[in-house]
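Take a look at the structure below.
All residue numbers in this chain count up from 1 along the given sequence.
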Amino acid sequence: MGAAMRRIHVGNALSAFGLGFTVPYLYVYVAQVRGLGAMTAGLVLAVFAVAALIVLPFAGRAIVRRGPLPVLLVALVTAAVGALSLGLSSGASSVLASAALLGAGHAVMQPALATMIVDCSPAETRSRAFAMQFFLQNLGLGAGGLIGGHLVDATRASSFTVLFSIEAAMFLLLVVVMATMRMPRSPRIAGASTPSARAGWKQMMGNRAMVQLCVLGFVLFFACYGQFESGLSAYGVEAAGISTSTLGTALAANTLAIVLAQFVVLRFVERRSRTRVIASVGLLWAVAWAVAGYAGLGNGSQAMATAAFISTYALFGLGESMLSPTLAPLVADLAPEGLAGQYNSAFALVKQLALAIGPAVGGPMGASLHGPYIVVFVLFSLAITVLALRLGRQLTEVQDQPSVARSRVVTQGGTTPAGQSPAHT
């Protein structure tokens, strides 16, 4: 990795650490510590998501026009102000406004950092760069949640103020780290003009492969991430008799599976068709949902149900480690030159929609309709396989399997004609 890429990965880790530091405790902080009630706490979580949905369409255009680094710095300062004011707020209106700032700032960080990875990595190392990003994000979230849990005390509001202040300091530290980095300059074609926002969106919507990838992404995030802390946890408690401590163990098993499997899986994934890898994730997650069905609907002992439920989260983690080197690089490869920021923001918007709708649908089903809940999400997982295979028909051979292009260069001797750059070769 070059110096720029190392700083980008530090940025991913610190931003994830800051988020994991506070977000798991937002509900307790608003409802109990500040005494604003469950309704206000629910609104805070909703505002956090809605703010992301509002700013992401504009973030892509800003990244295209201004570059990802200035947009990232603005997002970090916004998130820092939101985190600090959230720790100092005591009324409903100030808490909601602070949550909106924090949610908007964090939402913009993700496509900005993803675009920076695209700008700083050649195609042949991009899968590894995004795998490292996913690895560090999960490590940061897990470490942040673990340390934050030991710092807070529900009987003292000041402990939460310290928590949010540390989160704000993390974002400001990241501003210092990123502000001094040098991004590579993308070559500009003489006389070329930057497309308007409407033209950029129209061009993207006319890209059938990108539209199909967005549909696939929605189903992926809806059937996995959108269920982790809502439908699947409710199903575990109500149908499988899982304790809250076991839920924490299951989430830890998910993170552990990602940490242990990420780079082992990467070696397997790199030289295979991306869409077939995604299709195999759909099959793996169908098995995971079937295992969850056994945990809640089977006739085994409580120990067997607990083991099956924890295994479900671990299987999801294995599938996530297969997706990290495939999805994000595929978005980058589908984006025309100069529009990577807009494509990354659009895909982040799809993810945010899935994360907003997933809990609203899965939560009530997981809590009361146990059998239909499992059947529906087994079918969603199988739909991932079908959609991935259909997407493969829209991609070029190199887009679907970049290792093909590298193999051809090696087969041809790997020599570069005089006066021609390796990229052109």
Can you tell me how far apart CG (Leu266) and CD (Gln262) are? Round to the nearest 0.5 Å.
6.5 Å

Run the side chain to side chain contact (heavy atoms under 4.5 Å, CB included) test on Trp285 and Ile384 for me, step by step, so that the C-alpha distance in whole Å, both residues' side-chain angles and the decisive distance to 0.1 Å come before the verdict.
CA-CA 9 Å; Trp285 284 357; Ile384 291 170; 3.9 Å; yes

Answer yes or no: is there a side-chain heavy-atom contact under 4.5 Å between Val277 and Leu323?
no

For a 4.5 angstrom cut-off between non-hydrogen side-chain atoms, does Val375 reach Trp289?
no

Please report the interatomic distance CZ(Phe263) to OG(Ser321), rounded to the nearest 0.5 Å.
10.5 Å

Distance-minimising heavy-atom pair for Leu387 and Val215
CD1-CG1, 4.3 Å

Would you indicate whether the side-chain heavy atoms of Leu327 and Leu220 approach each other to under 4.5 Å?
yes

Which atom pair, heavy atoms only, marks the closest approach of Leu96 to Val47?
O-CG1, 3.6 Å

Spatial distance of atom CE (Met170) from atom OG (Ser165) [nearest 0.5 Å]:
12.0 Å

For Val118 against Phe130, the heavy-atom pair lying closest together
CG2-CZ, 4.0 Å

Of the non-hydrogen atoms in Ala107 and Leu56, which two are nearest, and what is the gap between them?
O-CD2, 3.6 Å

Just say parallel, tilted or perpendicular for the rings of Phe221 and Tyr225, cut-offs at 30° and 60°.
tilted

Less than 4.5 Å apart, side chain to side chain, heavy atoms only: is that true for Gln110 and Gln137?
yes

Over-ring placement of Arg272 relative to Phe268, 6.0 Å and 45° cut-offs:
yes

What one should report as the nearest heavy-atom pair of Val269 and Pro325 is CG1-CG, 4.2 Å

Any donor-acceptor pair under 3.5 Å linking the side-chain atoms of Thr180 with those of Arg7?
yes

Distance col, row Ile117:CD1 vs Asn344:CG, nearest 0.5 angstrom, shows 9.0 Å

Pair Asn254, Glu320: side-chain N/O donor-acceptor within cut-off below 3.5 Å:
yes

First locate atom CG of Asn207, then atom CD of Gln212, and finally report the distance between them rounded to the nearest 0.5 Å.
10.0 Å

Going by the rule salt bridge (Lys or Arg N to Asp or Glu O under 4.0 Å), which residues pair with Asp400 if we only count those two or more places apart in sequence or in a different chain?
none

Does Glu238 reach the side chain of His370, with side-chain heavy atoms less than 4.5 Å apart?
yes

Side chains of Leu330 and Thr326 in contact at under 4.5 Å (non-hydrogen atoms):
no

Rounded to the nearest 0.5 Å, the CG atom of Leu391 sits from the OG1 atom of Thr275 at a distance of 6.0 Å

So do the side chains of Glu167 and Phe17 get within less than 4.5 Å of each other, counting heavy atoms only?
no

Using modelled atom types only, decide if a donor and an acceptor are shared between the side chain of Tyr235 and the backbone of Met365 within a distance under 3.5 Å.
no

Would you call Phe347 and Phe218 a side-chain contact if the rule is heavy atoms closer than 4.5 Å?
no

Check the surroundings of atom CZ in Arg276: do more than 12 heavy atoms from other residues, nucleotides or ligands lie under 6.0 Å from it?
no

Please walk me through it: do Gln352 and Val55 pass side chain to side chain contact (heavy atoms under 4.5 Å, CB included)?
CA-CA 11 Å; Gln352 197 63 44; Val55 299; over 6 Å; no

For Tyr313 and Ser233 the tightest heavy-atom approach is OH-N, 3.9 Å

Quick one: side chains of residues 69-87, donor-acceptor pairs under 3.5 Å with protein atoms, not counting sequence neighbours, listed by atom name and distance.
| residue | atom | partner | partner atom | Å |
| --- | --- | --- | --- | --- |
| Thr78 | OG1 | Val74 | O | 2.8 |
| Ser85 | OG | Val81 | O | 2.9 |
| Ser85 | OG | Gly82 | O | 3.1 |
| Ser85 | OG | Ser98 | OG | 2.8 |

If the plane angle is over 60° it's perpendicular, under 30° parallel, otherwise tilted; pick one for Phe222 and Phe377.
parallel

If you look only at pairs with a residue in residues 289-298, which of them pass as a salt bridge (Lys or Arg N to Asp or Glu O under 4.0 Å), with sequence neighbours excluded?
none

Evaluate the criterion side chain to side chain contact (heavy atoms under 4.5 Å, CB included) for residue pair Val361 and Val376; output intermediate values, then yes/no.
CA-CA 11 Å; Val361 174; Val376 164; over 6 Å; no

Distance-only side-chain donor-acceptor flag, Gln133 / Ser324, under 3.5 Å
no

One pair to check against side chain to side chain contact (heavy atoms under 4.5 Å, CB included): Met178 and Met116. What are the steps and the verdict?
CA-CA 11 Å; Met178 305 303 284; Met116 291 170 73; 3.4 Å; yes

